[in-house]
Amino acid sequence: MTDTPIEALTHLEAAAELTRLGARIRRLDQAYHQDDQPLASDAEYDSLVLRLRALEARFPELARPDSPTRSVGAAPVDGFAKIRHAVPMLSLDNAFSDADVAEFAAKIRRFLALSDQEAVAVMAEPKIDGLSISLRYEHGAFARGATRGDGAEGEDVTRNLLTLADLPRQLVGAPEIFEVRGEVFMARADFLELNRRQEETGNKPFANPRNAAAGSLRQLDPKITAGRPLSLFVYGAGEMSEPVAGSHHEFLDRLRAWGLPVNPLPRLCQDTDAMLAFWREVGEMRADLPYDIDGVVYKLDRIDWQARMGMKDRSPRWAIAHKFPAEQVTTRVAKIQIQVGRTGALTPVALLDPVTVGGVVVSRATLHNEDEIARKDVREGDRVVVQRAGDVIPQIVLVRTELRVGDPAPFVFPDHCPECGALAERGEGEAVRRCTGGLTCPAQAKERLRHFVSRDAFDIEGLGDKNIEFLWDKGYVRQPADLFALEAANAARLEKLENFDGWGKRSVEKLFAAIRARRVIAFERLIFALGIRQVGEATAKRLARHYGSFAAWRSAMDTALVNDEARADLESIEDIGPAVAAEIRAFFAEAHNRDALDRLAGALEVIQDARAPSHQTSPVAGRSVVFTGTLVTRTRAEAKARAEALGAKVVGSVSKKTDYVVAGADPGGKVTEAKALGVPVLSEAEWLTLSEG
Ligand code: IVH
């Protein structure tokens, strides 16, 4: 993103930046809310949102209808039933400084036209770092619960919530309809224990307690959730058939009296000084609390005043979150290690003297690449400041050169692969140095196997890093097809494996069952699993859709090696282009890749992904559709792309030939035209049911 002052931007530049920023924030939202895999630190995310808001404030006419400032989080994922929230689930504005907090308090007075003499009580409470949840009680009995989703509609996770020990099934004396909101989270000790179990069973550990909580609550099988230690705090209201309190602090007291878990720390503050004092106190306790918090939330206490202040697009005016800065700790770099990735990239990693940062023990931090080490001048033995910015991989912020002992030598980046000894080269204009050993490099081969079995590829449970290492070292598995051969040779191998430490009969059987289950695989997953450079999930999907079948793709790739037309066809696919096409051809140019792929394909049944219905089977194939009004679940462009992928024709105006008009919010004239012509008008939800089934 650019840092050009907003005042200096032209209209054109602002429009371009708004588009870029919006897309980036949406991608981050998606990764955070749907994939439980944060791609950026909280601080980085917040600064992007701040910049977007500032741009929209300066250029309101350029604000996009699909801007992330107009929605919260990301639309629900497939697999759970959807629940529409009777009262939308909002997000909070952020305060980053004492001045922001003072301004929040001043704004309350201005908005409500209160005199300086009038007391304004504000409740301050810790901001729990989990995922928000809405719990609905009907006639005192727990009826259902939903995640936030996009704020308007979330996922029905009732069955999973019923596995939480903290959740009361009955509330005695609650109104007929009573919705309470709160946060599901995982205590740090429970998180560490869960990760220990994950690693033991060969599964991927979670990045942080928040991701672990989200991943556990959103399991399609409640039995899995039941085995995960989830906790709950409630702090807010949704729909209520009658009010239960006149102030927020009384409201929390009522919740407590009904047996709902309420955090013990909230404090009623009479002025800004008291609010800031609470923030500092809680900030000091932070590292010692048994759960992660990422700030303090201030809420206007009087509920009638809350109602008068109302809300903005995605957040209430009567509450604000005061974030804590990322936690930073000083520790020592014991060693700089070079890791070799699946594509041969040499990545430096700092091995640290273990320290607790934000409640999690940190013993490694990425150094990104050669230039980054030089820029920060990190040397072995240095004291460094590390930061865990809420989540993701810890970063090294800076070297405390004043604490440097003696004169350690600057780090020399190797020009040979530390794993196989082959030359490591750095291409022109590239930041990364790569091992040229190819398949002869065991580190690359092992990483490729890891990628092959990972969640978004073949997703083989029970094959964590340790087991891959083991199977490789024993020489049982050298390439993907060997996994299936291992399973086919069942009896003999089973006995061999069982005799090794940590491989009981049951775990071997489970592993074989997991491998067997993947003999039928979606075409796009197979492509992604091959680990071809620059071929991520999106590109794999495009290839699968374009070529239609494995056999067609396989032979087209052979042809593309020698034939310009086939090559042009490959390059014509959206988002592929010459660079990606060259990587794909490079993969097929190598005989051992072709052999490994053919051996693998021989063991599999490759199918088109069942979730992507082909043109012939979709009920909207060949139909002509007009979209009008504001859509909720996706942007207009996405809706159009999806409809076209299903074989529908998307047109701009209504005529007798139009099959459907899909009307979002505030639809305007097209609906009237459709009615006059007798063309069916569908709501967005009806369209989704019709087209996606
Ligand atoms: S009140 C209408 N109170 O923070 C006000 N939220 O960044 C809605 N959160 O979506 C939220 N602790 O998931 C509130 N004590 C607390 C909270 C809290 C954590 C989460 C919540 C919300 C998010 C906003």
Side-chain angles (χ1 to χ4, degrees), residues 25 28-29 32-33 36 38 42-43 45-46 49-50 53 68-69 71-74 85-96 100 104 122-135 145-152 154-155 157 179-186 209-211 213-214 217-218 230-240 248-249 251-252 255-256 260-269 275 278-279 282 286 289 291-301 303 305-307 309-324 390-391:
I25 294 171
L28 295 178
D29 274 344
Y32 189 84
H33 291 283
D36 303 322
D42 284 0
Y45 178 85
D46 289 340
V49 174
L50 273 184
R53 292 233 171 124
T69 58
S71 66
V72 185
H85 302 302
V87 174
M89 288 184 79
L90 302 176
S91 184
L92 291 169
D93 269 357
N94 288 321
F96 296 100
D100 291 348
F104 169 69
V122 168
M123 195 69 170
E125 23 186 278
K127 185 171 185 302
I128 314 297
D129 198 7
L131 68 154
S132 43
I133 197 84
S134 182
L135 309 167
T147 62
R148 178 167 68 180
D150 60 7
E155 297 156 351
V157 287
E179 249 176 46
V180 64
R181 284 170 180 178
E183 204 83 356
V184 168
F185 63 96
M186 194 174 287
R210 201 210 82 89
N211 287 4
L217 189 66
R218 290 162 67 205
L230 290 172
S231 303
L232 172 73
F233 277 135
V234 291
Y235 49 65
E239 191 185 7
M240 289 187 290
H248 184 60
H249 78 271
F251 176 72
L252 293 185
L255 300 182
R256 233 179 244 124
L260 283 157
V262 177
N263 186 279
L265 299 174
R267 179 187 300 167
L268 199 58
C269 301
M275 290 156 66
F278 179 83
W279 184 78
V282 174
R286 184 181 181 196
L289 288 174
Y291 44 84
D292 275 3
I293 61 174
D294 55 352
V296 159
V297 185
Y298 305 118
K299 300 175 184 174
L300 179 58
D301 194 45
I303 290 172
W305 283 357
Q306 291 182 0
M309 291 197 72
M311 57 188 208
K312 297 180 294 181
D313 274 349
R314 72 187 233 159
S315 51
R317 284 200 192 83
W318 47 266
I320 198 163
H322 189 184
K323 293 289 195 77
F324 291 132
D391 42 33

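Just so you know, ligand 1 is whichever comes first in the structure, and atom 1 is the first atom listed for that ligand. No hydrogens, no waters, no symmetry mates; every other heavy atom, side chains included, goes into these values.
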Self-check item: Shortest non-hydrogen separation from Asn263 to Arg256 and the atoms involved
Solution: O-NH2, 3.2 Å
Quiz item: So do the side chains of Phe185 and Phe233 get within less than 4.5 Å of each other, counting heavy atoms only?
Solution: yes
Quiz prompt | Top protein contact for atom 13 (O) of ligand 1, by heavy-atom distance | solution = Glu183 OE1, 2.8 Å
Quiz item: Is there side-chain contact between Met186 and Leu230, with heavy atoms separated by less than 4.5 Å?
Solution: yes
Self-check item: Closest approach of any protein heavy atom to atom 12 (N) of ligand 1, naming residue and atom
Solution: Ile128 N, 3.0 Å
Quiz prompt | Per-residue contact class, Lys127 against ligand 1 - non-hydrogen pairs under 4.0 Å | solution = both
Exercise. Ignoring angles and geometry beyond distance, decide whether Pro316 reaches within less than 3.5 Å of ligand 1 through its nitrogen or oxygen atoms.
Key: no
Practice problem: Please write down residue, atom name and distance for the protein heavy atom closest to atom 8 (C) of ligand 1. | Solution: Leu90 O, 4.0 Å
Practice problem: Could you check Arg53, Lys323, Arg314 and say which one makes a salt bridge (charged side-chain N to carboxylate O under 4.0 Å, His left out) with Asp93? | Solution: Arg53
Quiz item: Is the closest N or O pair between Trp318 and ligand 1 shorter than 3.5 Å?
Solution: no
Quiz prompt | Polar atom proximity, Pro126 to ligand 1 (N or O, under 3.5 Å) | solution = yes
Quiz item: Rounded to the nearest 0.5 Å, how far apart are NE2 of His248 and CE of Met123?
Solution: 6.0 Å
Quiz prompt | Which residues share a side-chain contact (heavy atoms from CB on, under 4.5 Å) with Ala95, sequence neighbours left out | solution = Asp100, Val101, Ile320, His322
Self-check item: Under-4.0 Å heavy-atom contact with ligand 1, by part of Ala321 that carries it
Solution: neither
Quiz item: Going by the order shown, which atoms of ligand 1 are within less than 4.0 Å of some heavy atom of Arg148?
Solution: 10 (O)
Quiz prompt | Heavy-atom side-chain proximity of Glu239 to Ser134 below 4.5 angstrom | solution = no
Self-check item: Protein heavy atom at shortest distance from atom 5 (C) of ligand 1
Solution: Leu92 CD2, 3.8 Å
Quiz prompt | Proximal ligand 1 atoms for Lys299, defined as those under 4.0 Å from one of its heavy atoms | solution = 1 (S), 3 (N), 14 (C), 16 (C)
Practice problem: Quick one: pull up CD in Glu183 and CG in Leu232 and give me the separation to the nearest 0.5 Å. | Solution: 9.5 Å
Exercise. Starting from atom 15 (N) of ligand 1, find the nearest protein heavy-atom neighbour and note its residue, name and distance.
Key: Glu125 OE1, 2.8 Å
Quiz item: So which bit of Val297 gets within less than 4.0 Å of ligand 1, heavy atoms only: side chain, backbone, both or neither?
Solution: side chain
Quiz item: Taking the side chain as C-beta and beyond, is there a heavy-atom pair between Ser132 and Tyr235 under 4.5 Å?
Solution: yes
Quiz item: Looking only at non-hydrogen atoms, which of Phe233, Tyr235, Phe185 approaches atom 18 (C) of ligand 1 most closely?
Solution: Tyr235
